[in-house]
Amino acid sequence: MWVFLLLLVPVACVPSPSRPLTRPCRRCCDHLQPPAAGSAHSQPPPDSPARYQAATEVHTIINMTILKGDKGDRGERGTLGKPGLEGTPGFRGPFGPKGSKGQAGAPGDACKTTHSSFSVGRRKALHSVDYYQPLVFDTVFVNLLGHFNMFKGKFYCSVPGVYYFNVNIHTWNFKETYLHLMHNAEEQVILYAQPSERSIMQSQSVLLDLAAGDEVWVRLYKRERENAVYSDDVDVYITFNGYLVAPGSH
């Protein structure tokens with residue numbers, strides 16, 4: 001048996017001359033952890049490929065700071081791109097300080113005024129002396145924008161629309177009272193009282209649709225009997241009133 005073992009050992013250790021060596025020899029302890037740096041076995045053997053690779057490997061390091069050039073000139077501005085999508089509205093900002101009061105504007109057109117009214121009275125009694133006679137007033141309660149002419153006793157329409165009119169009078173004892181509420185030259189409503197030993201208060205009202213420039217007034221009508229209305233300097237017995245109810249389109 002000892003002779004057989006001695007014959008096997010040379011065969012296992014001597015490589016075949018017909019097959020070249022494909023890999024370096026390894027020791028039985030190469031799979032273990034490599035020895036610490038500085039030890040006698042830290043370097044690979046002189047004939048090891050690892051030692052040859054470590055000796056021939058070269059690392060090139062380039063310093064980029066020395067290759068950076070000067071800053072170039074600014075280029076031309078490019079064309080504007082397409083507008084983007086509209087963003088969401090932002091939050092409402094705080095209120096600013098109150099501004100100063102502005103100057104008054106120029107007077108507007110009288111036809112565009114949306115208010116018109118008057119209220120007038122008479123403190124003196126009146127006996128009619130003519131066939132037709134306008135009733136003239138001497139006391140002003142309201143005459144907005146001067147639409148009622150006190151000298152002629154007529155209301156001139158400056159704001160077209162529907163108006164309300166009212167006339168109140170006090171009769172005279174034993175005398176006839178005969179009046180018409182006139183729209184231009186046409187009678188609209190009558191206010192009448194026969195002669196009586198008792199004087200009374202009489203009233204008449206009407207709504208009229210007026211155009212610009214129309215006239216509204218009170219007319220006394222004298223027939224064969226005397227026509228009269230009563231008033232005095234202490235109390236006002238005779239009144240004539242009118243105001244715009246709804247502006248019109250004409």
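Numbering of residues begins at 1 and proceeds along the displayed sequence.
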With a 3.5 Å distance limit and no angle check, can you tell me whether Asn149 reaches the backbone of Phe151 through a side-chain donor-acceptor pair?
yes
Given Phe240 and Phe155, is the ring-ring contact (aromatic ring centres under 6.0 Å, His included) satisfied, shown in steps?
CA-CA 10 Å; Phe240 182 32; Phe155 169 76; 8.3 Å; no
Answer whether the closest heavy-atom distance between the side chains of His170 and Ser199 falls below 4.5 Å.
yes
Matching residue for Val206 among Val167, Asn166, Val189 - test: side chain to side chain contact (heavy atoms under 4.5 Å, CB included):
Val189
Glu176 vs Gln194, side chain to side chain contact (heavy atoms under 4.5 Å, CB included): CA-CA, chis, key distance, verdict:
CA-CA 5 Å; Glu176 186 179 43; Gln194 292 182 342; 5.9 Å; no
For Tyr221, is there any backbone N or O sitting under 3.5 Å from a side-chain donor or acceptor partner on Asn227?
yes
Which class fits the ring pair Tyr178 and His180: parallel under 30°, tilted 30 to 60°, perpendicular over 60°?
tilted
Side chain to side chain contact (heavy atoms under 4.5 Å, CB included) between Lys154 and Phe148: does it pass, once the steps are laid out?
CA-CA 6 Å; Lys154 294 182 178 182; Phe148 189 88; 5.7 Å; no
Counting C-beta onward and ignoring hydrogens, is there a side-chain heavy-atom pair between Met201 and Tyr237 closer than 4.5 Å?
yes
Smallest separation among heavy atoms of Met150 and Val136, with atom names
O-CG1, 3.5 Å
So which atom in Arg122 and which in Leu135 form the shortest heavy-atom distance, rounded to 0.1 Å?
CD-CD1, 4.0 Å
Measuring only between side-chain heavy atoms, which start at C-beta, is Leu179 closer than 4.5 Å to Val229?
yes
So, for Tyr164 and Ser205, which heavy atoms are closest and what is the spacing to 0.1 Å?
OH-OG, 3.1 Å
Applying the side chain to side chain contact (heavy atoms under 4.5 Å, CB included) criterion to Ser117, which one of Leu145, Leu144, Leu244 satisfies it?
Leu144
Which heavy atom of Glu215 sits nearest to which heavy atom of Tyr156, and what is that distance?
OE2-CE2, 3.3 Å
Taking Val120 as the starting point, is it possible to reach Leu181 by hopping between hydrophobic residues whose side chains are less than 4.5 Å apart?
yes
Side chain to side chain contact (heavy atoms under 4.5 Å, CB included) between Trp172 and His127, worked out:
CA-CA 10 Å; Trp172 201 310; His127 287 77; 3.1 Å; yes
Could you tell me which non-hydrogen atom of Leu210 sits nearest to which non-hydrogen atom of Cys157, and how far apart they are?
CB-SG, 3.8 Å
Heavy-atom check, side chain of Met182 versus side chain of Glu187, under 4.5 Å
yes
Got a donor-acceptor contact below 3.5 angstrom from the Arg123 side chain to the Ser231 backbone?
no
Does the side chain of Asn241 reach to within under 4.5 Å of the side chain of Val142, using non-hydrogen atoms?
no
Can you give the donor-acceptor pairs under 3.5 Å from side chains of residues 74-102 to other protein atoms, not counting sequence neighbours?
none

ring-ring contact (aromatic ring centres under 6.0 Å, His included) between Tyr243 and Phe118, intermediate numbers included
CA-CA 6 Å; Tyr243 58 87; Phe118 72 92; 9.2 Å; no
Could you walk me through whether Thr139 and Phe141 satisfy the side chain to side chain contact (heavy atoms under 4.5 Å, CB included) test, starting with their C-alpha distance in whole Å, then the side-chain angles of each, then the deciding distance to 0.1 Å, before giving a yes or no?
CA-CA 7 Å; Thr139 303; Phe141 299 108; 4.0 Å; yes
When hydrophobic residues are tied together by side-chain contacts of less than 4.5 Å, even through go-betweens, does Ile238 share a cluster with Leu220?
yes
Between His147 and Val159, the two heavy atoms sitting closest are CE1-CG2, 4.4 Å
Any sub-3.5 Å donor-acceptor pair from Thr171's side-chain atoms to Ile200's backbone N or O?
yes
Would you confirm whether Thr177, through its side chain, and Ala228, through its main-chain N or O, come within 3.5 Å as a donor-acceptor pair?
yes
Give a yes or no on whether Lys124 atom NZ has more than 12 heavy-atom contacts from other residues, nucleotides or ligands under 6.0 Å away.
no
